[in-house]
Participant: 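Just passing along the structure, written as structure tokens.
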Amino acid sequence: MMLSDVMEDYLKVIYQLQRGDDERIKTSAIAEELDVTSPTVTSMLEKLEERGLVDREKYRGVTLTDEGETVALEVVRHHRLLEAYLTEHLDYDWSEVHAEADRLEHHISEDFEARVADALGDPEVDPHGSPIPSADLEPPDRPAGRSVTEFSEGDTVVVEEVADRDSEILSYLADHGVEPGVELEIVEIAPFGMITARSSERDESVSLPKDVARHVRVAQPAELES
């Protein structure tokens with residue numbers, strides 16, 4: 001099935017926004033993620049529905065069909081392998097790789113994908129902690145972490161994943177030791193949403209505005225051991 005790059009982008013975004021198999025994604029959420037208008041999204045979803053790639057319910061949003069999910073998983077696998085290759089072998093900073101991978105993900109062959117995976121040792125996650133779908137395009141068997149904003153003062157959490165779209169946020173987090181695998185102690189939550197946390201990698205604390213903190217997904221140590 002020949003699809004345009006834009007169609008693949010929509011399928012990838014729907015996949016990334018879903019936090020459960022049956023969760024329907026609203027048009028407004030897709031529009032915000034892609035920085036387009038809701039009517040533009042509606043028009044594209046109609047085309048994807050005609051091709052059997054999404055299931056739409058008026059006013060309730062969309063889910064991916066099995067075929068749509070397979071396409072999305074392939075694009076996601078390409079994207080995250082490319083991010084890993086760019087950081088590990090070409091010395092890109094983790095804040096730079098998202099845009100490069102976006103440009104390349106639609107255009108690499110399956111042979112190139114296999115060679116990249118082999119060169120990296122077939123990694124399970126990309127530099128931002130996002131799980132990489134397997135070569136047979138099975139969804140990653142890992143529950144999605146929770147936003148750090150869902151925890152309370154005194155909690156200790158481990159960073160699992162950081163959203164990769166905003167390079168400035170990634171640079172800020174890296175400068176303050178907030179990266180996958182790092183343990184954070186939540187020191188204070190201000191009434192207006194500012195979260196102060198102490199990284200196990202640094203002596204000083206870091207302040208995370210709510211719109212930054214929501215990009216950081218974490219789990220408690222006990223959850224990772226189970």
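Please read all numbers here as calculations on a predicted model, not as lab measurements.
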Participant: Taking the side chain as every heavy atom from C-beta outward, state whether Leu208 and Leu173 have any atom pair closer than 4.5 Å.
Facilitator: yes
Participant: Determine, step by step, whether Glu185 and Arg198 satisfy the salt bridge (charged side-chain N to carboxylate O under 4.0 Å, His left out) criterion, reporting the C-alpha distance in whole Å, the side-chain angles of both residues, the deciding distance to 0.1 Å, and the verdict.
Facilitator: CA-CA 5 Å; Glu185 177 191 356; Arg198 182 176 295 111; 3.4 Å; yes
Participant: Given side chains that start at C-beta, do those of Tyr85 and Leu104 come closer than 4.5 Å, heavy atoms only?
Facilitator: no
Participant: Would you check if the side chain of Lys210 reaches a backbone N or O of Phe192 as a donor-acceptor pair within less than 3.5 Å?
Facilitator: no
Participant: Say whether, by atom type as modelled, one donor and one acceptor occur between the side chain of Thr27 and the main chain of Ser38 under 3.5 angstrom.
Facilitator: no
Participant: Checking salt bridge (charged side-chain N to carboxylate O under 4.0 Å, His left out) for the pair Arg51/Glu67: CA distance, chi angles, key distance, verdict?
Facilitator: CA-CA 10 Å; Arg51 289 179 175 239; Glu67 189 172 5; over 6 Å; no
Participant: Would you sort out whether Glu100 and Arg103 count as a salt bridge (charged side-chain N to carboxylate O under 4.0 Å, His left out), showing the intermediate values?
Facilitator: CA-CA 5 Å; Glu100 291 287 0; Arg103 285 188 280 269; 3.4 Å; yes
Participant: Any sub-3.5 Å donor-acceptor pair from Arg146's side-chain atoms to Val218's backbone N or O?
Facilitator: no
Participant: Indicate yes or no: does Arg77 engage Asp136 in a salt bridge with an N to O separation below 4.0 Å.
Facilitator: no
Participant: Within a strict 4.5 Å, meaning less than it, do heavy atoms of the Glu49 and Asp55 side chains meet?
Facilitator: no
Participant: By the definition side-chain contact (heavy atoms from CB on, under 4.5 Å), identify the one residue from Thr40, Thr42, Val62, Val36 that meets it with Ile30.
Facilitator: Val62
Participant: Heavy-atom count check: over 12 atoms from other residues, nucleotides or ligands less than 6.0 Å from Glu204 CD?
Facilitator: yes
Participant: Between Glu105 and Lys12, is there a salt bridge with N-O shorter than 4.0 Å?
Facilitator: yes
Participant: Can you find a heavy atom in the side chain of Glu96 that is under 4.5 Å from one in the side chain of Thr87?
Facilitator: no
Participant: Is there a donor-acceptor pair closer than 3.5 Å between any side-chain N or O of Ser147 and the backbone N or O of Glu150?
Facilitator: no
Participant: Are side-chain heavy atoms of Glu161 and Pro180 found at a separation under 4.5 Å?
Facilitator: no
Participant: Ser199 and Val182: which non-hydrogen atoms are nearest, and at how many Å?
Facilitator: OG-CG1, 3.2 Å
Participant: Would you check if the side chain of His106 reaches a backbone N or O of Glu8 as a donor-acceptor pair within less than 3.5 Å?
Facilitator: no
Participant: Among Glu83, Glu32, Glu33, which residue satisfies the salt bridge (charged side-chain N to carboxylate O under 4.0 Å, His left out) criterion with Arg165?
Facilitator: Glu33
